[in-house]
Every structure is written in C-alpha cells, then in structure tokens.
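What you see is a predicted model; the values in this text were computed from it and never measured. Side-chain atoms are counted along with the backbone in the values below, which use heavy atoms only and exclude waters and symmetry mates. Just so you know, residue 1 is the first one in the sequence shown, and it goes up from there.
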Amino acid sequence: MDPISERLRARHPQRIDLSLDRMKALCAALGDPQLRLPPVIHVAGTNGKGSTVSMIRAIAEAAGLKVHAYTSPHLVRFNERIRLAGTLIEDDQLNAILDRIEAVSGEATVFESTTAAAFVAMSETPADLAIIEVGLGGVLDATNVIERPLLSVIAPVDYDHAEFLGTDLAGIAAEKAGVLKPGAPGVIARQQEVAMAAIERAAQVVHAPLTVMGVDFDAWAERGGLAFQDQERFLDLPAPGLAGAHQIDNAGVAIAAALELDLPEAAIAEGLKAVRWPARLQRISAGPYGEAAKAADAELWLDGGHNPHAARALAAFLADRQARAPRPLALICGMLANKDAGGFFAAVKDSQATVFTVGFDGAAADPAALAAVARGHGLAATPAGSVDEALKLALRLGAGRVAICGSLYLAGEVLGASRETWPV
C-alpha cells in the first residue's frame with residue numbers, strides 16, 4: 001500500500017456511509033472549497049464513468065484547456081485520484097492538504113476526506129475545467145455537495161454495489177440521477193428503459209434539460225473510425241484510443257459533452273486518439289507479466305471490470321479478438337468477495353476460456369470458491385496461489401491470449417509490479 005493510502009486508512013473510518021451531512025460540515029470547516037472550483041462536469045453511472053472522464057479530459061486538453069480530474073479508485077498510488085491541470089498531485093501538496101483536513105475532519109470517512117482533499121487542491125490550483133467522478137450512487141455521494149455543475153453526465157446504469165444501492169434498477173438510476181441539478185444540462189448515455197425513465201423523472205423535478213444517446217445523438221463504429229451524429233451535425237472521427245466496442249458509446253457521450261462546451265471538432269478528434277485509461281482492456285507488454293507473455297508469444301490484457309455489465313463488455317471484446325485471430329484463451333480472475341461472481345462468469349461462459357482464479361490483498365474472494373463458481377457455469381477453472389503462478393500455468397498450457405480480470409484491486413497489483421506500468 002502506498003504511503004498516502006496508509007495514512008488515510010490509519011486516521012479515517014473505512015466504512016461506506018452514504019450521507020451528505022458529514023461532507024457538508026467538513027467542507028464548511030475548510031471554507032467550502034467546492035464553491036470555488038472551476039466549472040464542473042459531474043459524472044455518475046455504473047460502468048464507463050472513468051473512461052468517459054478520461055475522454056472528456058483528453059478532448060478538453062487537446063482544445064488547450066487546463067483540466068482538473070477526480071476519479072476513484074486508484075490503481076497503484078493514491079495520487080492517481082487527483083489530477084491538477086493535467087498532472088498527478090504531488091505528495092508534498094497532498095500531505096499538506098491532508099494535515100488541514102485531519103485538523104477538522106471529525107468522523108469523516110476515507111472517501112469524504114479524499115474528496116475534500118481533491119476539492120481543496122482544485123480550488124487552489126488554476127484551471128479552466130474540473131471533471132468530478134461520483135464514487136458510489138449520486139444523491140448521497142460525497143461529491144454531490146457540488147450544487148451548480150456546468151454539466152452533468154450519466155454513464156450506463158446497471159447493477160453493482162447492491163449492499164448500498166439495492167437491486168432495483170429504477171432505484172439505482174434514481175440514485176445516479178442525483179447529479180442532475182436545476183438548469184444544468186445533462187448528457188445521458190444509452191440506458192435500459194427502466195433506468196431512463198427514472199432519470200427522466202429526476203430531470204423533470206429539477207428542470208434539467210437532457211441530451212440522450214439514441215434519441216438526441218448517437219455514435220457508431222464505421223470504416224475503422226467513429227461516426228457521431230446529433231440534430232445539427234455529422235462528424236467523421238477516429239476511433240477512441242481505448243479498446244473494446246463499448247468504448248464507442250462512451251466516446252459518443254464524451255463527444256456530446258464536448259459539444260455542449262463548444263469544443264472544436266479538431267480537438268475532439270485529437271482527444272479521441274490521445275486518450276489513455278489504465279486497466280480498461282489495457283494491453284500489457286512491459287513489466288514482469290508483459291515480458292513473460294511476450295516471451296511466450298502471447299497477448300496479455302488487463303481489465304478491472306468487476307460486475308456482469310463489465311464482464312459482458314470483456315466477453316464481447318475477447319469474442320471479437322478470437323474471431324479475428326483465434327488463440328487458446330485463458331482468464332486469470334480475482335474478485336472482491338461481495339461481487340456477483342456468478343453473474344460475471346455467466347457473462348464470459350461462452351468464451352471457452354480456461355480460468356485460473358487468484359486472490360489479492362484485501363477482501364478478495366477465496367480462489368477455490370471462485371473456481372467453483374466458474375465451474376458451475378461450465379468453465380474449466382483452477383485456483384492458483386498468485387497472478388505469477390496463474391500466468392505461468394496458462395502459458396505452460398499453451399494460452400496465446402490471456403486476460404487478467406475481475407477487479408480494479410487486482411489490476412492495481414498487476415500494474416504496481418513494475419514502475420514501467422505505473423499509471424501516470
């Protein structure tokens with residue numbers, strides 16, 4: 001664990017306790033930094049939030065804007081969560097801000113304290129735009145003390161964090177829609193019908209005008225690039241620099257947001273080409289794992305998706321790769337114990353992959369139990385003692401394409417194994 005994370009875990013409660021009262025009190029004690037941010041784009045949703053944030057940021061930076069970004073969780077270093085005018089926050093600045101927070105934080109949770117730290121840092125560093133990703137939910141998420149965003153964005157809504165958000169999709173969507181604010185436009189990703197209905201109801205209550213994918217605009221893959229169309233224009237653009245067909249939809253949402261900001265088409269094209277977002281179908285070619293795969297002439301991919309919706313995107317990506325160039329396929333999977341492992345493996349069961357299950361630091365599912373779940377969905381599955389052991393087994397058995405998947409925490413351990421693969 002990096003030093004900043006250790007500091008936070010030692011001094012703040014670990015629980016997730018959805019409430020705005022503590023966060024409002026903490027912000028007030030700090031002089032309400034959330035009221036002094038640059039214009040804010042507030043991004044909620046279940047899957048695709050981080051990818052959408054990264055694309056909007058890349059487009060805005062290509063247009064010459066200085067952009068702050070707050071995302072979670074981090075993969076290797078806590079500093080990844082707070083990007084100030086294009087660069088990760090430095091340890092000295094972050095520690096100084098945490099000193100100020102700990103003097104007034106009371107019972108604030110880790111996420112509340114880190115969100116407050118982001119707001120303080122962003123309020124004290126000049127920029128043109130701040131992109132803030134919701135941690136969990138929306139209505140009661142710590143980031144939702146932002147009262148007047150320039151723009152609200154809702155990525156696809158699906159099932160996750162059932163212990164906090166429940167299993168009713170309409171209720172989950174209503175929580176996410178808490179980022180919609182009076183008069184602030186909302187850009188909405190393609191949604192299931194019940195989720196869209198809940199978002200529309202929330203928008204009507206606060207009089208937030210919506211621009212909806214599949215209704216007001218759309219995007220699709222075309223001739224190796226991306227086509228975007230809304231009610232005013234048609235744009236012929238490069239494909240986003242993030243792998244997977246699902247990133248076309250995320251790019252469409254990012255483009256619609258960029259057009260709400262009146263950013264030029266040239267910046268949109270440049271940003272789409274330049275965007276990077278680690279552990280989302282990331283090709284690994286460096287570090288000990290990448291070198292081992294290269295030595296065996298195998299592809300190695302890393303994906304932190306951890307719910308059935310994300311698993312379906314992973315399965316679609318792998319199916320496309322297999323159709324283009326068939327290779328023996330292996331999955332190295334580790335998941336948190338509270339995730340829907342059955343739903344995850346159900347989504348990838350048609351891949352005919354050999355599965356190796358692993359643990360990682362934290363509340364990981366037992367590898368043997370995880371392997372049993374995978375076998376219950378018709379997959380050949382074997383528990384392994386580590387990613388290193390699993391990768392060696394997979395390559396020894398002839399796997400030519402390997403995906404490490406199931407958890408951002410697992411992805412962080414993989415990337416953290418070498419400075420060459422640290423996110424920057």
Gap separating the SG atom of C333 from the NE2 atom of H306, nearest 0.5 angstrom: 12.0 Å
Check: F360 and L336 side chains under 4.5 Å, non-hydrogen atoms: yes
Side-chain heavy atoms of T125 within contact of Q93, under 4.5 Å: yes
Heavy atoms of other groups near Q229 CD, more than 12 under 6.0 Å: yes
Shortest non-hydrogen contact from E107 toward E112: O-OE1, 4.4 Å
Full working for salt bridge (charged side-chain N to carboxylate O under 4.0 Å, His left out) between K66 and D128: CA-CA 5 Å; K66 292 182 178 179; D128 303 300; over 6 Å; no
Heavy-atom closest pair, residues S105 and L26: CA-CD1, 3.7 Å
Residue pair V187, M213: steps toward the side chain to side chain contact (heavy atoms under 4.5 Å, CB included) verdict: CA-CA 8 Å; V187 175; M213 189 168 200; over 6 Å; no
Closest non-hydrogen atom pair, F344 against P308: N-CG, 4.1 Å
Distance-only donor-acceptor check, side chains Y289 and S418, under 3.5 Å: no
Reported CD1-to-OH distance for the pair I82 and Y70, which is rounded to 0.5 angstrom: 6.5 Å
With sequence neighbours excluded, residues passing ring pair (Phe, Tyr, Trp, His ring centres under 6.0 Å) with H74: F78
Given N47, T46, D158, the one that forms side-chain hydrogen bond (donor to acceptor under 3.5 Å, both in side chains) with N307: N47
Residue pair R283, L300: steps toward the side chain to side chain contact (heavy atoms under 4.5 Å, CB included) verdict: CA-CA 6 Å; R283 182 76 178 265; L300 180 61; 5.8 Å; no
Shortest non-hydrogen separation from A347 to A315 and the atoms involved: O-CB, 3.3 Å
Side chains of N79 and E90, donor plus acceptor under 3.5 Å: no
Heavy-atom side-chain contact between V104 and R100 under 4.5 Å: no
Verdict with supporting geometry, T211 and F217, side chain to side chain contact (heavy atoms under 4.5 Å, CB included): CA-CA 8 Å; T211 301; F217 69 94; 3.5 Å; yes
Straight-line distance of I4 CD1 to E6 CD, nearest 0.5 Å: 10.0 Å
Interatomic spacing from NZ in K273 to CD1 in I268 - rounded to 0.5 Å: 13.0 Å
Side-chain heavy-atom pair M122, P33 within 4.5 angstrom cut-off: no
Atom pair CH2/CZ of W301 and R280 - distance to nearest 0.5 Å: 15.5 Å
Sub-4.5 Å side-chain heavy-atom contact between Q282 and L415: yes
Short side-chain donor-acceptor distance under 3.5 Å, S72 and E133: no
Check residues 143-150 and write down every donor-acceptor pair under 3.5 Å in which the side-chain atom is one partner and the other belongs to a residue at least two apart or another chain.
| from | atom 1 | to | atom 2 | distance (Å) |
| --- | --- | --- | --- | --- |
| T143 | OG1 | H42 | NE2 | 2.8 |
| T143 | OG1 | D141 | OD2 | 2.6 |
| N144 | OD1 | K181 | NZ | 2.9 |
| N144 | ND2 | G138 | O | 3.2 |
| N144 | ND2 | V139 | O | 3.1 |
| N144 | ND2 | G178 | O | 3.3 |

Least distance between heavy atoms, L237 atom then E265 atom: CD2-CG, 4.2 Å
Beyond-backbone contact of L281 with H246, side-chain heavy atoms, under 4.5 angstrom: yes
Nearest-0.5 Å distance, CG of residue L379 to OG of residue S351: 5.5 Å
Nearest heavy atoms of P423 and R77, plus distance in Å: O-NH2, 3.5 Å
Heavy-atom side-chain contact between E413 and V387 under 4.5 Å: no
V215 vs I188 side-chain heavy atoms within contact, under 4.5 Å: no
Verdict with supporting geometry, R36 and D32, salt bridge (charged side-chain N to carboxylate O under 4.0 Å, His left out): CA-CA 7 Å; R36 302 192 306 277; D32 284 319; over 6 Å; no
Exceeds 12 heavy-atom contacts within 6.0 angstrom, atom CZ of R233: yes
Working for side chain to side chain contact (heavy atoms under 4.5 Å, CB included), residues D236 and L226: CA-CA 6 Å; D236 187 6; L226 181 151; over 6 Å; no
Pair D2 + R7: basic N to acidic O under 4.0 Å: no
R276 bridged to E61 by N-O distance under 4.0 Å: no
Within 6.0 angstrom of Y409 OH, more than 12 heavy atoms from elsewhere: no
Proximity of F228 and F234 rings by center, below 6.0 Å: no
